[in-house]
Amino acid sequence: NEIHAGASVTGTLYECEDKARHPVVQLYTKEGCTLCDKVVDVLKDVLGDQPHSLQAIDIRDDNEVFSKYKYDIPVLHINNEYWTKHRLSADEALEGIQEARQGNFEAKQGEPNAAKYEH
């Protein structure tokens with residue numbers, strides 16, 4: 001099966017010490033995604049100001065996730081709610097994580113779903 005080529009990159013990239021109090025960002029990615037690496041760098045840069053944990057989820061591990069996100073990684077969720085895709089600025093990262101820390105984060109519009117358009 002071609003979508004399972006290469007090693008899975010699913011796993012925790014980092015955790016903040018008091019993870020019960022801070023948001024968890026999920027990064028939908030796959031091996032070799034350079035845009036994903038840039039998003040990780042942005043998230044690491046704001047970690048001191050907006051504590052959070054970061055989990056990588058390899059889109060190739062789940063056929064349903066792969067069919068939704070295959071053309072759009074990186075896709076980001078906060079606490080399992082859709083946040084954004086493709087790019088992330090430091091300001092966007094600070095704002096989204098702060099909303100989640102304050103309990104005000106709501107799923108954003110525009111979640112990709114490639115499967116919806118393929119027959």
Side-chain angles (χ1 to χ4, degrees):
N1 189 338
E2 69 190 52
I3 69 167
H4 293 289
S8 174
V9 296
T10 295
T12 300
L13 298 181
Y14 54 80
E15 287 183 327
C16 57
E17 286 186 25
D18 189 0
K19 57 187 175 196
R21 288 186 44 230
H22 300 297
V24 177
V25 176
Q26 291 90 16
L27 168 65
Y28 289 84
T29 184
K30 68 177 185 173
E31 189 175 36
C33 174
T34 55
L35 284 177
C36 301
D37 296 339
K38 290 178 182 175
V39 164
V40 170
D41 290 343
V42 169
L43 288 166
K44 283 181 179 175
D45 286 347
V46 303
L47 189 55
D49 293 322
Q50 292 295 335
H52 62 278
S53 297
L54 182 60
Q55 297 174 337
I57 301 168
D58 194 316
I59 64 169
R60 299 166 304 171
D61 291 348
D62 180 316
N63 287 332
E64 186 176 328
V65 171
F66 181 81
S67 66
K68 279 176 67 172
Y69 293 161
K70 60 186 170 184
Y71 302 128
D72 286 298
I73 59 171
V75 173
L76 293 164
H77 288 206
I78 296 180
N79 297 334
N80 299 308
E81 297 285 339
Y82 175 71
W83 181 17
T84 191
K85 64 183 179 183
H86 302 162
R87 289 175 187 77
L88 184 69
S89 71
D91 288 342
E92 291 166 333
L94 289 167
E95 182 180 327
I97 295 167
Q98 182 174 357
E99 283 178 12
R101 290 182 65 214
Q102 294 171 342
N104 299 327
F105 182 82
E106 295 180 6
K108 306 301 183 205
Q109 298 295 309
E111 180 174 6
N113 186 357
K116 190 164 94 175
Y117 302 105
E118 294 180 344
H119 301 286

Enquirer: Looking at Lys108 and Glu81, is there a salt bridge between them, counting it only when a charged N and a carboxylate O are closer than 4.0 Å?
Expert: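 Here Glu81 does not pair with Lys108 in a salt bridge, since their nearest N and O are not under 4.0 Å apart.
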
Enquirer: Using a cut-off of 6.0 Å, state whether more than 12 heavy atoms not belonging to Gln102 lie near its atom CD.
Expert: yes

Enquirer: Which of these passes side-chain contact (heavy atoms from CB on, under 4.5 Å) with Leu27: Val40, Leu88, Ile73, Ile57?
Expert: Val40

Enquirer: What are the two closest heavy atoms between Pro51 and Arg101, and how far apart are they?
Expert: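 It is CD-NH1, 3.4 Å.
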
Enquirer: Working to the nearest 0.5 Å, report the span between CD of Glu95 and CG of Asn104.
Expert: 11.0 Å

Enquirer: Could you walk me through whether Glu15 and Gln55 pass the side chain to side chain contact (heavy atoms under 4.5 Å, CB included) test, one step at a time?
Expert: CA-CA 8 Å; Glu15 287 183 327; Gln55 297 174 337; 5.6 Å; no

Enquirer: In Å and rounded to the nearest 0.5 Å, what is the NE2 to NZ distance from His86 to Lys38?
Expert: 13.5 Å

Enquirer: Going hydrophobic residue to hydrophobic residue with side-chain gaps under 4.5 angstrom, can you get from Leu35 over to Val9?
Expert: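 No, because Leu35 and Val9 fall into different hydrophobic clusters, even though each may have its own neighbours under 4.5 Å.
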
Enquirer: Just verifying a value: how many Å separate Lys30 NZ and Ser8 OG, rounded to the nearest 0.5 Å?
Expert: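 Those atoms lie 13.0 Å apart.
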
Enquirer: What's the verdict on salt bridge (charged side-chain N to carboxylate O under 4.0 Å, His left out) for Glu111 and Lys68, showing C-alpha distance, side-chain angles and the deciding distance?
Expert: CA-CA 9 Å; Glu111 180 174 6; Lys68 279 176 67 172; 3.2 Å; yes

Enquirer: Would Ile59 and Val39 show up in the same hydrophobic cluster when neighbours are defined by side-chain heavy atoms closer than 4.5 Å?
Expert: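 No.
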
Enquirer: How far apart are the closest heavy atoms of Ala114 and Ser67, and which atoms are they?
Expert: CB-O, 3.3 Å

Enquirer: Looking at CG of Leu43 and CG of Leu13, how far apart are the two atoms once the value is rounded to the nearest 0.5 Å?
Expert: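 So the gap between those two atoms works out to 9.5 Å.
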
Enquirer: At their closest point, which heavy atom of Phe105 faces which heavy atom of Gly96, and how far apart are they?
Expert: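 Closest pair (atom of Phe105, atom of Gly96, distance): CD1-O, 3.9 Å.
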
Enquirer: Using every non-hydrogen atom in the two residues, find where Asp72 and Pro112 come nearest and quote the distance to one decimal.
Expert: OD2-CB, 3.1 Å

Enquirer: Please round to the nearest 0.5 Å and tell me the distance separating atom CD of Glu99 and atom CH2 of Trp83.
Expert: 9.0 Å

Enquirer: Mind checking side-chain hydrogen bond (donor to acceptor under 3.5 Å, both in side chains) for Ser89 and listing every partner two or more places apart, or none if nothing turns up?
Expert: Glu92

Enquirer: Could you tell me whether a side-chain N or O of Gln26 sits under 3.5 Å from a main-chain N or O of Asn80, the two making a donor and an acceptor?
Expert: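 Judged by distance alone, yes, a pair lies under 3.5 Å.
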
Enquirer: Do any pairs count as a ring pair (Phe, Tyr, Trp, His ring centres under 6.0 Å) and have a residue in residues 28-62, sequence neighbours left out, and if so which ones?
Expert: Tyr14-His52, Tyr28-Tyr69, Tyr28-His77

Enquirer: Check Lys44 with Asp41, please: is the shortest side-chain N to carboxylate O separation under 4.0 Å?
Expert: no

Enquirer: Hey, quick one: are Val42 and Val75 part of the same hydrophobic cluster, counting side-chain heavy atoms closer than 4.5 Å, chains of contacts allowed?
Expert: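 No, separate clusters.
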
Enquirer: Looking at Asp58, is its backbone amide N or carbonyl O close enough to the side chain of Thr10 to form a donor-acceptor pair, meaning the two atoms are under 3.5 Å apart?
Expert: yes

Enquirer: From Asp61 CG over to Phe66 CZ, what is the distance, rounded to the nearest 0.5 angstrom?
Expert: 11.5 Å

Enquirer: Could you walk me through whether Thr12 and Leu54 pass side chain to side chain contact (heavy atoms under 4.5 Å, CB included), step by step?
Expert: CA-CA 6 Å; Thr12 300; Leu54 182 60; over 6 Å; no

Enquirer: Would you check if the side chain of Ser53 reaches a backbone N or O of Cys16 as a donor-acceptor pair within less than 3.5 Å?
Expert: yes

Enquirer: Is the side chain of Asn79 donor-acceptor paired with the backbone N or O of Val24 at a distance under 3.5 Å, no angle test?
Expert: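 Between the backbone of Val24 and the side chain of Asn79 there is a qualifying donor-acceptor contact (under 3.5 Å).
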
